[in-house]
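Reviewing the structure listed below.
Quantities reported herein were computed from a predicted structural model and do not represent experimental measurements. Excluded from the calculations below are hydrogen atoms, water molecules and symmetry mates; all remaining heavy atoms, backbone and side chain alike, are included. Along the sequence shown, residues carry numbers from 1.
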Amino acid sequence: QVQLAESGGASVQVGGSLGLSCAVSGQLVSGYCMAWFRQTPTHEREVVAGLSGDGKYNYVDSVKGRFTISKDNSRNSLYLQMDSLQSEDTAIYYCAASHFYTCSYGIWTNRGTYKYWGQGTQVTVSS
């Protein structure tokens, strides 16, 4: 059984940084496309960043240059480093795992691509 557990959510000030972690069991992060999503009360869950099994990454435009997705195969964990945080980044952040190796164009942004989800961790950015 595949399980994902996020941690690291907190309240930070605008311009600050925060790192999220996602511990994965039951599936190797090295072998699959994985991603970070976020959701607010007024917006549907949206993808933020994706990382293929071969290490290639994708970001949505709103976080390019500010967020960094990475993984540690030895810890079987996925990470999201968030810098220059803005109030619009306030959301619950979820990690997700698919059955695909590559986060290919056209599928990595699709919520339905991901079969497994964590419970989410709250990130609040305030001025």
Side-chain angles (χ1 to χ4, degrees):
Q1 183 178 0
V2 180
Q3 293 184 321
L4 291 77
E6 303 95 338
S7 61
S11 295
V12 296
Q13 291 190 326
V14 170
S17 298
L18 195 63
L20 305 181
S21 300
C22 175
V24 182
S25 61
Q27 178 170 297
L28 295 178
V29 298
S30 60
Y32 298 93
C33 166
M34 300 192 64
W36 285 96
F37 282 71
R38 64 187 179 188
Q39 185 173 11
T40 70
T42 57
H43 289 82
E44 293 185 353
R45 194 172 298 188
E46 62 175 7
V47 72
V48 172
L51 186 62
S52 296
D54 61 2
K56 294 182 179 178
Y57 48 81
N58 299 288
Y59 299 97
V60 294
D61 288 344
S62 61
V63 307
K64 280 182 181 177
R66 302 190 299 121
F67 289 13
T68 303
I69 188 171
S70 64
K71 61 183 175 180
D72 185 332
N73 294 337
S74 66
R75 295 179 183 271
N76 210 40
S77 294
L78 183 72
Y79 304 99
L80 185 68
Q81 177 63 35
M82 304 182 292
D83 299 318
S84 302
L85 282 162
Q86 304 167 2
S87 57
E88 306 87 84
D89 297 316
T90 295
I92 299 174
Y93 284 73
Y94 299 88
C95 66
S98 76
H99 281 169
F100 297 93
Y101 180 73
T102 301
C103 296
S104 302
Y105 178 81
I107 70 166
W108 78 278
T109 58
N110 188 340
R111 181 176 171 178
T113 293
Y114 302 90
K115 184 173 179 65
Y116 306 105
W117 296 84
Q119 81 288 351
T121 187
Q122 176 71 48
V123 173
T124 303
V125 185
S126 58
S127 56

### Task
Determine, step by step, whether M34 and L4 satisfy the side-chain contact (heavy atoms from CB on, under 4.5 Å) criterion, reporting the C-alpha distance in whole Å, the side-chain angles of both residues, the deciding distance to 0.1 Å, and the verdict.
CA-CA 11 Å; M34 300 192 64; L4 291 77; 4.0 Å; yes
Write down the atom of [X], the atom of [Y], and the distance for their closest heavy-atom approach.
X    : Y   : value
V47  : A35 : CG2-CB, 4.2 Å
Y101 : G31 : CD1-O, 3.2 Å
W108 : G50 : CZ3-N, 3.3 Å
V123 : G9  : CG2-CA, 4.2 Å
S98  : Y32 : O-CD2, 3.4 Å
S84  : S17 : N-OG, 4.4 Å

### Side-chain heavy-atom pair L28, N73 within 4.5 angstrom cut-off
no
### Task
With the side chain counted from C-beta on, respond yes when R38 and V63 share a heavy-atom pair under 4.5 Å apart, and no when they do not.
yes
Can you measure from [atom1] ([X]) to [atom2] ([Y]) and round to the nearest 0.5 angstrom?
X   : Y    : atom1 : atom2 : value
Q81 : L18  : CD    : CG    : 7.5 Å
L78 : S21  : CG    : OG    : 9.0 Å
L80 : T121 : CG    : OG1   : 11.0 Å
D54 : T102 : CG    : OG1   : 5.0 Å

### Query
When clusters are formed by joining ILVMFWY residues with side-chain heavy atoms under 4.5 Å apart, either directly or through shared neighbours, do Y93 and V60 land in the same one?
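As far as the 4.5 Å side-chain criterion goes, V60 and Y93 are connected within one cluster.
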### Query
Can you hop from Y79 to V24 via hydrophobic side chains spaced under 4.5 Å?
no
### Query
With under 30° as parallel and over 60° as perpendicular, where do the rings of Y59 and Y57 fit, or are they tilted in between?
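Rings of Y59 and Y57: tilted, as their planes differ by 30° to 60°.
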Under a 3.5 Å distance rule, please check whether [X] uses its side chain to pair with a backbone N or O of [Y] as donor and acceptor.
X    : Y    : value
D72  : S77  : no
T40  : H43  : yes
T113 : I107 : yes
K56  : S104 : no
T124 : T90  : no
S52  : C103 : yes
N76  : Q27  : yes
E6   : G120 : yes
Y116 : C95  : no

### Query
Would a line drawn from the ring center of F67 to the ring center of W36 be shorter than 6.0 Å?
no
### Query
More than 12 foreign heavy atoms under 6.0 Å from CD of Q39: is that the case here?
yes
### Message
Take a 6.0 Å sphere around CZ of R75 and say whether it holds more than 12 heavy atoms from other residues, nucleotides or ligands.
### Response
no
### Query
Taking R66 as the fixed residue, which of D83, D61, D89 is the one that meets the salt bridge (Lys or Arg N to Asp or Glu O under 4.0 Å) rule?
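That would be D89.
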### Query
Do we get R45 above Y94's six-membered ring, with its NZ or CZ under 6.0 Å from the centre and within 45° of the axis?
yes
